[in-house]
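Step one of this worksheet: look at the structure below.
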Amino acid sequence: MSGPFLGPDVKDLGAAWIDPSARLFGEVEIHPGASVWCNVVVRAESDRVVIGPRANIQDFVMIHVGAGTGTFVGADCSITHHVTLHGCEIGEACLIGIGATIMDGCRIGAGSIVAGGAFLKEGTVIPPGSIVMGSPGAVTRTRDNTLANRLNAFLYRRNAEAYATGDFRLWSTEGFRAEMAAERARLAAELQAAAPSDRAS
C-alpha cells in the first residue's frame with residue numbers, strides 16, 4: 001500500500017484497495033478484501049480503527065475514534081457515502097445508510113441496516129438483525145439482513161478489484177450481472193446450511 005495521504009502507522013494486512021484520494025492517519029488496520037473509496041478520512045490518534053475483511057468504506061466517509069473508544073467495522077460491511085463513524089462498533093454484515101452518524105460507544109449488531117440520515121446517540125446498542133431509523137435512531141423492525149448486506153459487500157469488493165485495473169464500468173456488464181446472481185445463490189445456500197435446524201433432535 002502506498003500513497004501520499006497514508007500515515008506511517010496504517011497497516012494494510014493484504015489485498016485491500018485504497019483510492020489515492022483517501023487520507024488515513026494513526027493506528028488504522030485494514031483487512032484483506034476491504035476497500036476505501038474516494039475522499040474518505042480516517043483518523044486514529046488516541047485509539048485504533050479496524051476495517052474488517054471485505055468491508056467497503058464509501059466516498060466521503062469520516063471515521064474517527066472517541067474518548068477511550070476505537071472504531072471497529074466488521075467483515076462484509078458497507079459504510080455508505082457521507083457516513084460518520086465516531087468511536088463505535090459495527091458488527092459483521094451491516095449496512096450503514098447514506099449520511100448516517102453513529103456516535104461514541106454505539107454497538108450495531110450483525111446483519112443490521114441503519115437507514116440513511118439516522119443519528120445514533122452515544123452508547124446506543126442495537127441487537128443483531130435490526131433495521132434502525134430516525135434521530136435519535138431506534139429499532140423499527142427486526143429482520144436478518146445478512147444475505148443482502150453480504151451481497152452488497154461483494155458488489156463493492158468486485159468493483160474495487162476492477163478499479164485497481166482501471167475498469168470503472170464493471171457493474172454495467174452482462175457478465176457481472178450473471179456473477180452477482182451466482183453469488184446470491186452461493187450466499188443463500190451457505191446461510192441456509194449454517195442456520196439452526198428446526199427439526200427436533
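On a predicted model such as this, the values are computed, not experimentally measured, just so you know.
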message = Can you confirm whether the side chains of Ser21 and Asp19 place a donor and an acceptor under 3.5 Å from each other?
response =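 The criterion, which ignores hydrogens and geometry beyond distance, is satisfied for Asp19 and Ser21.
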inquiry  = Pairing donors with acceptors under 3.5 angstrom, does anything connect the side chains of Ser35 and Asn56?
reply    =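 Their side chains do not contain a donor-acceptor pair, so the 3.5 Å distance test is not met.
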Take atom [atom1] of [X] as the centre, draw a 6.0 Å sphere, and report whether it contains more than 12 heavy atoms from other residues, nucleotides or ligands.
{"X": "Met62", "atom1": "CE", "result": "yes"}
{"X": "Arg158", "atom1": "CZ", "result": "yes"}
{"X": "Arg186", "atom1": "CZ", "result": "yes"}

Do [X] and [Y] have side-chain heavy atoms sitting under 4.5 Å apart?
{"X": "Ile90", "Y": "Phe72", "result": "no"}
{"X": "Gln58", "Y": "His82", "result": "no"}
{"X": "Val139", "Y": "Ile126", "result": "yes"}

request  = Just do the side chain to side chain donor-acceptor pair (under 3.5 Å) check on His86 and Glu122 with the steps written out, would you?
outcome  = CA-CA 9 Å; His86 203 277; Glu122 288 84 349; over 6 Å; no
request  = From the options Val73, Leu155, Asn152, Ile96, select the one residue that forms a side chain to side chain contact (heavy atoms under 4.5 Å, CB included) with Ser78.
outcome  =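 Of all the options given, the one that passes is Asn152.
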request  = For a side chain to side chain contact (heavy atoms under 4.5 Å, CB included) with Val42, tell me which candidate from Val65, Val28, Val61 qualifies.
outcome  =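 Filter result, single survivor: Val28.
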task = Tell me whether the centres of the aromatic rings in Trp171 and Tyr156 are closer together than 6.0 Å.
result =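 Close enough - the centres of the two rings lie under 6.0 Å apart.
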message = Can you confirm if the aromatic rings of Phe60 and Trp37 lie within a centre distance of less than 6.0 Å?
response =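 No; Phe60 has its ring centre 6.0 Å or more from that of Trp37.
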task = Would you mind checking if Glu179 and Arg184 are paired as a salt bridge, meaning a charged N to carboxylate O distance below 4.0 Å?
result =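 No, Arg184 and Glu179 are not salt-bridged.
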query = So which heavy atom on Ala22 is nearest to which on Val36, and how close?
reply =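 What the structure gives for the nearest pair is CB-CG1, 3.9 Å.
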Closest heavy-atom pair and its distance - Thr173, Leu170 =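 Taking Thr173 first and Leu170 second, the nearest heavy atoms are OG1-O, 2.9 Å.
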side-chain contact (heavy atoms from CB on, under 4.5 Å) between Val10 and Ile30, worked out = CA-CA 8 Å; Val10 175; Ile30 305 172; 4.3 Å; yes
inquiry  = For Leu191 and Arg150: C-alpha separation, side-chain torsions, deciding distance, then whether side-chain contact (heavy atoms from CB on, under 4.5 Å) applies.
reply    = CA-CA 11 Å; Leu191 293 170; Arg150 284 186 61 182; 4.0 Å; yes
message = Set out, in order, the CA-CA distance, both residues' side-chain angles and the distance that settles side-chain contact (heavy atoms from CB on, under 4.5 Å) for Asn149 and Asp76, then state yes or no.
response = CA-CA 7 Å; Asn149 292 352; Asp76 299 301; over 6 Å; no
